[in-house]
Amino acid sequence: EPRVTCTIPAESAEGFEVLTLEGLSDEERVLFSDSFVASGAVQCGFCTPGMLMTAVSLLDENPSPSEEEVRCAISGNLCRCTGYQHIVEAVLSVAEKR
Ligand code: FES
């Protein structure tokens with residue numbers, strides 16, 4: 001389950017498995033990063049790790065989400081740069097390619 005880690009004290013993760021971008025396979029990391037770059041979903045990059053991990057969780061649960069489901073899934077992640085549309089398009093692109 002994705003978590004907004006900037007609001008969670010690190011010690012509260014003790015005993016839990018934590019998956020970050022570095023824990024994804026090379027193939028999966030390249031698929032997501034290529035789709036985000038191709039869609040223009042990365043600008044400053046500050047939100048990108050959270051967006052990607054939220055997308056991974058969503059697509060693991062729902063391999064063919066609607067645009068509305070993607071918007072709902074990423075709604076807890078703030079992006080100051082992209083206006084979200086490009087991120088939604090990137091996630092839908094990954095869903096098609098997966
Ligand atoms: Fe800058 Fe999302 S790309 S905050």
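Heads up: numbering here begins at 1 and tracks the sequence. Read the numbers this way: they start at 1 and go in the same order the structure lists the ligands and their atoms.
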Which ligand 1 atoms, with their elements, are less than 4.0 angstrom from a heavy-atom of Gly45?
-> 1 (Fe), 3 (S)

Side chains of Val70 and Pro65: closer than 4.5 Å at any heavy-atom pair?
-> yes

Does any N, O or S atom of Cys47, backbone or side chain, fall under 2.8 Å from atom 2 (Fe) of ligand 1?
-> yes

Can we say Arg3 and Glu1 salt-bridge, meaning some charged N sits less than 4.0 Å from an Asp/Glu carboxylate O?
-> yes

If you measure only the distance, is there a donor-acceptor pair under 3.5 Å linking the side chains of Glu68 and Ser66?
-> no

Between Arg29 and Asp34, is there a salt bridge with N-O shorter than 4.0 Å?
-> no

Can you sort out which atoms of ligand 1 are near Cys81, meaning under 4.0 Å from one of its heavy atoms?
-> 1 (Fe), 3 (S), 4 (S)

Could you tell me whether any N, O or S atom belonging to Cys44 is less than 2.8 Å from atom 2 (Fe) of ligand 1?
-> no

Min side-chain heavy-atom separation Phe36-Met51 under 4.5 Å = yes

In ligand 1, the atoms that come under 4.0 Å of a heavy atom of Arg80 are 4 (S)

